[in-house]
Amino acid sequence: MELEKNMKKILYCTALLVIGALLSGGCGRGGLNNEDSTGAALTESSDKKSEDEAKPMSEEVRKNENDPEIKQEDFKWWQKTIAYEIYVKSFKDSDGDGIGDLNGITSELDHLKKLGVGAIWLTPCYVSPQADNGYDIADYYAIDPAYGTMEDMDRLIEEAGKRDIRIVMDLVFNHTSNENAWFTESRSGKDSDKSDWYIWADPKEDGSAPTNWRSIFGGSAWTYDENRGQYYLHTFLPEQPDLNWANPEVRKALIDVADFWVKKGVGGFRLDAITYIKKPEKFLDGTPDANDGTVGIHAMTANTNGILDYLHEFKDAVQNGTDIFTVGEANGVSARDLPDWVGPAGVFDMVFEFGLMNISLKDEMNWCVTREWTLPEFKALITSSQENTLKTGGWYPMFLENHDQPRSINHFLPKGADRISGAKALATLVLTMRGTPFIMEGEELGFVNVAWPSIDDYNDISTRNHYKFAIDEGYSEAEALEGVHNLARDSSRTPMQWDSSSNAGFTTGTPWLPVYDDYEKFNVASEMEDKDSVLNWYIALSELRKEHPELETGDYTELFREHEQIFAYTRESEAGKATILINLSLEEASYDPSCVEGAKQLIGTNGESTKGILAPLEAVVYEK
């Protein structure tokens with residue numbers, strides 16, 4: 001198998017180097033980019049991406065009617081397990097420097113085993129200047145000394161494997177650090193070997209940036225380089241220059257990186273910001289959407305036509321012949337787009353959509369303007385994704401939190417919700433929904449948002465830039481800070497709370513980010529001792545999934561779609577039929593009990609439940 005895979009890779013990568021020179025037109029799934037690989041595309045004025053706008057998807061879900069019914073034993077390992085995201089910097093510090101590290105993770109693998117975790121997604125732990133907490137990578141082949149060594153990584157992979165846990169690496173392939181050797185060579189001159197490994201463009205006639213695009217973190221998406229006399233593009237920070245995927249040498253280099261980690265024995269990859277890798281052929285000004293005359297780069301570059309070809313190449317070269325899985329961070333991919341993105345004919349096994357995460361936002365950049373939403377809207381987003389994924393043979397990553405999002409208790413529950421009851425209700429949703437559950441560290445303890453009094457208390461550069469954007473747009477400091485309290489990424493990054501000792505047992509030193517002040521109650525040791533804790537509810541649900549396979553792999557059908565308080569659905573397979581009812585409101589809710597007639601209760605947050613009635617934030621699972 002390994003010889004076959006290596007021979008395929010050699011042939012593939014040889015062909016890949018020729019593709020860029022030979023292709024001059026479209027192909028199959030939208031056409032490889034035939035722009036000048038220097039990335040120095042033409043600049044002119046336009047209100048949208050014009051001919052490079054991503055192709056529309058059919059409103060109807062495509063389904064292969066000839067697919068046989070899949071049985072429990074046919075599902076892959078990653079479809080029947082629980083994934084857990086570790087923000088490496090915040091999980092466990094083993095050497096007292098206040099920063100989490102790989103050895104700290106290894107020391108706490110048994111905690112994850114109790115949760116039923118089979119895959120650990122690590123945020124980037126490669127060598128990085130840390131401009132964006134590791135999402136600016138200087139060396140894909142080395143571990144940052146703050147986190148340990150490659151030997152520590154090998155030990156983590158080995159020890160996790162002994163517990164039937166696989167390590168999932170975060171691949172940041174839209175961009176690198178500006179301290180990456182690739183970029184150093186690229187910026188050295190237009191005649192360098194890697195001159196066209198990044199996106200370079202000449203200034204406008206007046207010397208200004210090539211377009212009016214605003215980066216996702218705020219400010220111009222272009223930075224001028226004196227040495228080249230050109231601007232380089234960065235979707236995020238100036239310290240994160242975008243790679244030029246139109247260059248086949250770049251694609252080959254990234255395939256080599258992934259293959260290195262596959263050979264290390266990892267179980268999969270999460271691909272960061274992947275919808276931005278394909279740039280439009282022409283760099284065009286857009287209609288301003290802010291007072292400074294800029295337009296968000298997402299509207300101008302996300303999901304540009306041809307992106308799927310790049311990703312199919314990557315899948316064919318890296319994944320085929322292995323048992324790894326891939327999950328793409330797919331901002332801008334909607335439920336109706338899923339047939340092209342997941343499933344046997346797609347480019348990933350799963351994708352993280354942003355529809356649910358952005359349900360309260362009118363504009364991703366403006367945290368001061370939010371919208372009210374209803375539970376039917378919330379449910380519709382999940383159900384639409386489920387139906388489109390299921391009918392295309394794909395799989396769904398069920399998540400309510402990650403390192404870029406606020407805590408779900410604050411994000412999705414009404415104000416005033418009881419913290420413990422609310423956390424259990426949301427846990428029931430995550431762990432009984434069809435798909436692979438993804439838990440963010442601390443979510444299993446019922447973590448909530450921080451609300452620090454000053455923007456200076458926040459570490460995250462994105463949060464600081466959102467605050468600055470709000471002030472520049474004319475909002476008051478109080479309004480800007482309220483947006484930060486609601487949506488700051490630091491809330492999901494505070495140190496893990498292990499016990500009630502100093503710094504919650506996270507470190508013997510000074511933590512890089514303050515430990516939340518509720519750590520004496522909400523910590524692993526204390527919650528393990530409390531049979532009614534959030535942590536023990538997660539463990540109970542994890543065990544329930546193993547005992548009732550329909551909760552892992554059964555089909556999903558929503559009930560009571562228009563119910564304003566209850567999220568209800570069934571999970572059904574050859575193993576049985578489960579009915580899940582969750583009251584996500586702060587009032588008692590009633591429902592038609594015929595849906596659970598003859599069914600027995602498997603588990604409930606409030607003990608034995610009365611059929612037809614749910615208490616506020618009550619969750620119950622029945623089976624028949």
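By convention here, the first residue in the shown sequence is residue 1.
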**Request:** For the pair Asn410 and Asn486, evaluate side chain to side chain contact (heavy atoms under 4.5 Å, CB included) and give the outcome as yes or no after the intermediate values.
**Result:** CA-CA 7 Å; Asn410 304 93; Asn486 290 334; over 6 Å; no
**Request:** Compare all side-chain heavy atoms of Ile82 with those of Pro437 and state whether any distance is below 4.5 angstrom.
**Result:** yes
**Asked** OG/Ser609 to OH/Tyr622 distance, rounded to the nearest 0.5 angstrom?
**Response** 4.0 Å
**Request:** Check the pair Glu543, Lys546 against salt bridge (Lys or Arg N to Asp or Glu O under 4.0 Å), reporting the backbone distance first and the verdict last.
**Result:** CA-CA 5 Å; Glu543 293 173 350; Lys546 296 174 186 176; over 6 Å; no
**Request:** Ignoring hydrogens and angles, state whether a donor on the side chain of Glu159 or Thr106 is under 3.5 Å from an acceptor on the partner side chain.
**Result:** no
**Item:** Test of ring centre spacing under 6.0 Å for Phe352 and Phe354
**Value:** no
**Request:** Return yes if a side-chain donor-acceptor contact under 3.5 Å exists between His411 and Gln405, otherwise no.
**Result:** no
**Donor-acceptor side-chain pairing of Asp530 and Ser533 below 3.5 angstrom** = no
**Item:** His403 (side chain) donor-acceptor with Ile86 (main chain) under 3.5 angstrom
**Value:** no
**Prompt:** Quick check: does any side chain N or O of Glu441 sit under 3.5 Å from a backbone N or O of Tyr87, one acting as donor and the other as acceptor?
**Reply:** yes
**Request:** Grab the two heavy atoms, one from Ala425 and one from Ala619, that are nearest each other, plus how far apart they are.
**Result:** CA-CB, 4.3 Å
**Item:** Check: Leu115 and Glu444 side chains under 4.5 Å, non-hydrogen atoms
**Value:** yes
**Prompt:** Should Ile307 and Trp341 count as side-chain neighbours, where that means a heavy-atom distance under 4.5 Å?
**Reply:** yes
**Message:** Show the nearest heavy-atom pair for residues Val621 and Ala578, with the distance to one decimal.
**Reply:** CG1-CB, 4.4 Å
**Prompt:** Short question: side chain of Glu401, backbone of Met440 - any donor-acceptor pair under 3.5 Å?
**Reply:** no
**Asked** When you check the gap from the basic side-chain N to the acidic O, do Asp323 and Lys76 get nearer than 4.0 Å?
**Response** no
**Residues Glu377, Arg371: salt bridge by 4.0 Å N-O rule** = yes
**Request:** Starting from the C-alpha separation in whole Å, work towards a yes-or-no answer on salt bridge (Lys or Arg N to Asp or Glu O under 4.0 Å) for Lys577 and Glu550.
**Result:** CA-CA 7 Å; Lys577 178 180 180 181; Glu550 69 267 27; over 6 Å; no
**Prompt:** For the residue pair Gly446 and Ile409, what are the closest heavy atoms and their distance?
**Reply:** O-CD1, 3.7 Å
**Request:** Check the pair Ile582 / Tyr569 against side chain to side chain contact (heavy atoms under 4.5 Å, CB included), numbers first and verdict last.
**Result:** CA-CA 9 Å; Ile582 308 168; Tyr569 48 94; 4.0 Å; yes
**Asked** With sequence neighbours left out, what residues match Phe412 under ring-ring contact (aromatic ring centres under 6.0 Å, His included)?
**Response** Phe378
**Shortest non-hydrogen contact from Lys80 toward Thr553** = CG-CG2, 3.8 Å
**Message:** Tell me the closest heavy-atom pair linking Gly328 and Ile274, and the distance in Å.
**Reply:** CA-CG2, 4.5 Å
**Request:** Check whether any side-chain heavy atom of Val596 lies under 4.5 Å from a side-chain heavy atom of Gln601, and answer yes or no.
**Result:** no
**Item:** Close side-chain approach of Met350 and Phe438, heavy atoms under 4.5 Å
**Value:** yes
**Message:** Quick check: Phe91 with His111 (ring centres under 6.0 Å apart)?
**Reply:** no
**Asked** Between Asp490 and Arg493, is there a side-chain N and carboxylate O pair less than 4.0 Å apart?
**Response** no
**Request:** Find out whether the Lys NZ or Arg CZ of Arg166 is both under 6.0 angstrom from the six-membered ring centre of Trp77 and within 45° of the ring's axis.
**Result:** yes
**Message:** Please check if the number of heavy atoms outside Lys114 that lie under 6.0 Å from its NZ is greater than 12.
**Reply:** no
**Message:** One thing to verify: whether Glu387 and Arg561 come together as a salt bridge, which I'm taking to mean a side-chain N less than 4.0 angstrom from a carboxylate O.
**Reply:** yes
**Request:** Verify side chain to side chain contact (heavy atoms under 4.5 Å, CB included) between Leu581 and Leu559, making sure each step is shown before the conclusion.
**Result:** CA-CA 9 Å; Leu581 298 118; Leu559 307 175; 5.8 Å; no
**Request:** Answer whether the closest heavy-atom distance between the side chains of Trp395 and Phe348 falls below 4.5 Å.
**Result:** no
**Parallel, tilted or perpendicular: ring planes of Trp245 versus Phe173, cut at 30 and 60 degrees** = tilted
**Request:** Carefully, step by step, assess Glu552 and Gln79 under the rule side chain to side chain contact (heavy atoms under 4.5 Å, CB included).
**Result:** CA-CA 8 Å; Glu552 288 186 336; Gln79 294 176 302; over 6 Å; no
**Message:** Tell me whether Thr389 contacts the main-chain N or O of Gln386 through its side chain, where contact means a donor paired with an acceptor under 3.5 Å.
**Reply:** no
**Request:** Identify, with sequence neighbours excluded, every residue that meets side-chain contact (heavy atoms from CB on, under 4.5 Å) alongside Asp592.
**Result:** Phe560, Ser594
**Request:** Could you check if a side-chain atom of Val318 sits within less than 4.5 angstrom of a side-chain atom of Asp259, using non-hydrogen atoms only?
**Result:** no
**Request:** Going by the side-chain contact (heavy atoms from CB on, under 4.5 Å) test, name the single residue among Leu541, Val534, Asn536 that passes it with Tyr538.
**Result:** Val534
**Prompt:** Which of these, Val168, Ile157, Leu109, sits in a side-chain contact (heavy atoms from CB on, under 4.5 Å) with Ile120?
**Reply:** Leu109
**Message:** Check this for me: Lys624, atom NZ, are more than 12 non-hydrogen atoms of other residues, nucleotides or ligands nearer than 6.0 Å?
**Reply:** yes
**Prompt:** Is the charged tip of Arg419 near the ring of Phe522: under 6.0 Å from the six-membered ring centre and within 45° of its axis?
**Reply:** yes
**Prompt:** Ignoring hydrogens and geometry, is there a side-chain-to-backbone donor-acceptor pair from Lys113 to Arg163 under 3.5 Å?
**Reply:** yes
**Request:** For the pair Asp337 (side chain) and Ser334 (backbone), establish whether a donor and an acceptor sit closer than 3.5 Å, ignoring hydrogens and angles.
**Result:** yes
**Message:** Regarding Gln319 and Asp349, do their side chains bring together a donor and an acceptor under 3.5 Å, going by distance alone?
**Reply:** yes
**Prompt:** Do Ser385 and Glu353 get their side chains close enough for a donor-acceptor pair, meaning under 3.5 Å?
**Reply:** yes
**Message:** Taking the six-membered ring for Trp, are Tyr516 and Phe447 closer than 6.0 Å centroid to centroid?
**Reply:** no
**Prompt:** Side chains of Arg155 and Asp152: closer than 4.5 Å at any heavy-atom pair?
**Reply:** yes
**Request:** Write down the atom of Phe269, the atom of Ala258, and the distance for their closest heavy-atom approach.
**Result:** CZ-O, 3.3 Å
**Pairwise side chain to side chain donor-acceptor pair (under 3.5 Å) hits with a residue in residues 116-126, at least two apart** = Trp121-Asp170
**Asked** For the side-chain contact (heavy atoms from CB on, under 4.5 Å) test, which of Ile105, Asp101, Asn103 pairs with Leu156?
**Response** Ile105
